[in-house]
Amino acid sequence: MSIKTVFEARKHNPQFNTSYPLSPCDWIDYRVPAPLSFAQDKALSFYIHIPFCKQLCLFCEYTRMVCTDVQLQTHYLEVLANDIAQFKKGHPGMELQGFDLGGGTPTALSQDNFSRLMDVYDEAVEGLTLANDYEPSIEATFNTLTPEKLQRMAHSGIRRLSLGVQSADVGVLSSQHRENVAQEVMAKWMNEAYRAGLEKINIDLMYGLKGQGEATIARDLHAIAQLMPQQITLYELRTNMLAHKDVPAKEQLYHAYRRYYEAFIALGYHAQFGQNTFSLCKTDLGVSSYLRARMVHGASYKGFGLSAQSMSKEGIAYNCGKNSSQLSAFIRQDTYAEADVYQLPQTQLAAKYIAISGYFGSFSLAKVLAVNDSEWQRRVHEALTFCLNEGLVCISGGGERVQITEKGFRYYGAVLSLFYLGT
């Protein structure tokens, strides 16, 4: 089968996006009983997953639950602290490239437990060497912020605050079981965050949600024009390997992205077409250092908390609780250890990197071609030749990166898959 035929067969299939592997059973032969090894990694990032939310949005596929039990929250944080301490003990001398606290909604914790979370963060970074571009980040929602939480973030040196908005339209938010926050309230909390000492604010938007159209996009753009956060992350509603949502057609998604992209650029934001992160600073990629290391460079990371993912130079692991409907039982455990560990060949790790980099619209050609496998390299060269000839990608960054073009972004998932899935 020709590579062109493969591309034509895949380009309208929503399964091809940034999800990899395409099915949980694809890696079954690589599963091992041992913990994930970080023996080859001297630099990595940390991620803490807080699974608690004030309410559960329909679009979210992450591990989360409503939990108002303060004692259960406290238990979760104590287990996190112990898991991190044990990992640090077994891996001395690390350099920390980034640190993200996400979820869920970390700021959904009670006031006291949020302070304890910041203590956990302080203990996690204590004694570690921090990279020059280290920039810790935390996720939040406007309706879970307090002045005290903002001050506590700043006191711990959190520099970047990422706020989920998704849409400025009441109807769109209501259809997703998400609470609307008035624009003036958003502006108030952003100013409060700056006064507390946070340096960067990112706002998350999402397209492909039920009920979105030109009028709702216009409301989103008006809100951004009034708020002007330093960074914007524009997520496409995507189906993953387990949840197959009613996702709009590729062409509809493409035109929605283009509408946002052109408006953001007109407002003074910077990004390559096909990239989902925007920044007012031309030299800033619009992401935390954790995501920059992970998406741009394919660097290793260690996740703590229920269902958190980790990746080293030897494989990928998922902590307990992933895809479970019984989270309260897992939370009561005394460790949130890795439950699914996959010792992967370099070809699979490279494939995962390419898929993840799809969020950023490009991947490092040098990193991908560094895999010492003749069949892999043949496939990469074949895919690259086809995509260049068809105008689906171009070479950027002084010959270092494969960049999705405007034409290729219509079918970015299918384009990326040509580099790592057999034809």
Side-chain angles (χ1 to χ4, degrees), residues 46-57 64-74 76-78 80-81 98-126 134-168 170 173 178-205 223-233 279-280 287-290 305:
F46 282 175
Y47 171 77
I48 284 179
H49 185 76
I50 302 297
F52 309 125
C53 288
K54 185 177 180 180
Q55 60 194 68
L56 302 183
C57 304
R64 79 274 194 261
M65 63 181 292
V66 174
C67 179
T68 57
D69 186 332
V70 174
Q71 290 184 329
L72 198 56
Q73 292 180 10
T74 302
Y76 187 83
L77 296 172
E78 294 308 316
L80 275 180
F99 202 132
D100 275 14
L101 299 98
T105 313
T107 47
L109 292 165
S110 69
Q111 187 68 58
D112 287 345
N113 278 321
F114 185 79
S115 294
R116 177 58 185 133
L117 174 62
M118 291 295 95
D119 290 340
V120 172
Y121 168 80
D122 293 340
E123 294 162 9
V125 300
E126 185 178 4
Y134 176 78
E135 184 181 57
S137 178
I138 190 168
E139 296 178 4
T141 56
F142 284 103
N143 60 2
T144 58
L145 291 175
T146 67
E148 294 78 14
K149 288 177 183 178
L150 291 171
Q151 290 161 9
R152 189 63 182 83
M153 293 176 201
H155 178 75
S156 286
I158 302 296
R159 295 176 54 194
R160 180 178 182 271
L161 175 64
S162 184
L163 291 159
V165 173
Q166 317 315 337
S167 174
V170 176
L173 293 174
R178 189 175 181 90
E179 182 179 343
N180 178 62
V181 179
Q183 188 175 303
E184 56 269 24
V185 175
M186 295 186 204
K188 167 188 174 293
W189 281 116
M190 288 175 65
N191 290 331
E192 192 83 40
Y194 292 135
R195 282 196 294 269
L198 284 103
E199 299 173 10
K200 291 183 182 178
I201 292 179
N202 170 77
I203 282 184
D204 287 347
L205 293 176
I224 292 295
Q226 298 301 307
L227 298 171
M228 292 300 288
Q230 284 95 335
Q231 299 174 346
I232 305 166
T233 304
S279 176
L280 287 174
V287 292
S288 66
S289 56
Y290 164 82

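- Taking Ala187 as the reference, Leu227 meet the side chain to side chain contact (heavy atoms under 4.5 Å, CB included) condition, with sequence neighbours excluded.
- Remark: Thr144 pairs with Lys54, Thr105, Thr107, Ala108, Thr141 by the side chain to side chain contact (heavy atoms under 4.5 Å, CB included) rule, at least two apart or across chains.
- Taking each heavy atom of Phe142 and Met190 in turn, the nearest pair found is CE2-CG, 4.0 Å.
- Met228 is listed as a side-chain neighbour of Leu280, based on a closest heavy-atom distance under 4.5 Å.
- In this structure, the side chains of Leu145 and Leu163 come closer than 4.5 Å at one or more pairs of heavy atoms.
- Within the structure, every pair that satisfies the salt bridge (Lys or Arg N to Asp or Glu O under 4.0 Å) test and touches residues 102-118, not counting sequence neighbours, is listed here: Glu78-Arg116, Arg116-Glu123.
- The CD atom of Gln166 lies 5.5 Å from the CG atom of Asp204; values are rounded to the nearest 0.5 Å.
- Heavy atoms only, all atoms of each residue included: Asn143 and Glu179 are closest at ND2-OE1, 3.0 Å.
- Residues Leu205 and Ser167 approach most closely at CD2-N, 4.3 Å, considering heavy atoms.
- Within the structure, salt bridge (Lys or Arg N to Asp or Glu O under 4.0 Å) pairs that include any residue of residues 138-150 do not occur (at least two apart or interchain).
- Residues forming a side chain to side chain donor-acceptor pair (under 3.5 Å) with Gln230 (at least two apart in sequence, or on another chain): Tyr194.
- The OG1 atom of Thr233 lies 10.0 Å from the CD1 atom of Ile203; values are rounded to the nearest 0.5 Å.
- Residues meeting the side chain to side chain donor-acceptor pair (under 3.5 Å) test with Ser162, sequence neighbours left out: Asn202.
- If you take CG on Asn191 and CE on Met186, they are separated by 13.5 Å, rounding to the nearest 0.5 Å.
- By the 4.5 Å heavy-atom criterion applied to side chains, Phe114 and Met153 are counted as neighbours.
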Inset, instruction - Test Leu161 against Ile138 for side chain to side chain contact (heavy atoms under 4.5 Å, CB included), laying out the working first. - result: CA-CA 5 Å; Leu161 175 64; Ile138 190 168; 3.9 Å; yes
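- Between the side chain of Ser289 and the backbone N or O of Tyr134, no donor-acceptor pair lies under 3.5 Å.
- Under the side chain to side chain donor-acceptor pair (under 3.5 Å) criterion, Asp69 pairs with no residue, sequence neighbours left out.
- For the pair Glu199 and Glu135, the minimum side-chain heavy-atom distance is 4.5 Å or more.
- Looking at heavy atoms from C-beta onward, Ile201 lies out of side-chain contact with Gln231 at the 4.5 angstrom threshold.
- Taking Arg152 as the reference, Asp119, Asp122, Ser156 meet the side chain to side chain donor-acceptor pair (under 3.5 Å) condition, with sequence neighbours excluded.
- When all heavy atoms are compared, the tightest approach of Cys53 to Gly104 is SG-CA, 3.5 Å.
- Taking 4.5 Å as the limit, some side-chain heavy atom of Ile158 sits within range of a side-chain heavy atom of Leu101.
- The closest side-chain heavy-atom distance from Gln226 to Gln183 is below 4.5 Å.
- In this structure, the side chain to side chain contact (heavy atoms under 4.5 Å, CB included) partners of Val170, at least two apart in sequence or on a different chain, are Asn180.
- Taking every heavy atom of both residues into account, His49 and Tyr76 meet most closely at O-OH, 2.5 Å.
- Remark: Arg160 engages no residue in a salt bridge (Lys or Arg N to Asp or Glu O under 4.0 Å) (not counting sequence neighbours).
- For Gln73, the side chain to side chain contact (heavy atoms under 4.5 Å, CB included) criterion is met by Phe52, Cys67, Leu109, Ser110, Asn113, not counting sequence neighbours.
- Taking Phe99 as the reference, Phe46, Tyr121 meet the ring-ring contact (aromatic ring centres under 6.0 Å, His included) condition, with sequence neighbours excluded.
- Separation of atoms OG (Ser279) and NZ (Lys200) is listed at 6.5 Å; rounding is to 0.5 Å.
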Legend entry - Criterion side chain to side chain contact (heavy atoms under 4.5 Å, CB included) on Val181 and Leu173, from CA distance to verdict: CA-CA 10 Å; Val181 179; Leu173 293 174; over 6 Å; no
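- Listed here is the closest heavy atom pair of Ile224 and Pro229: O-CD, 4.2 Å.
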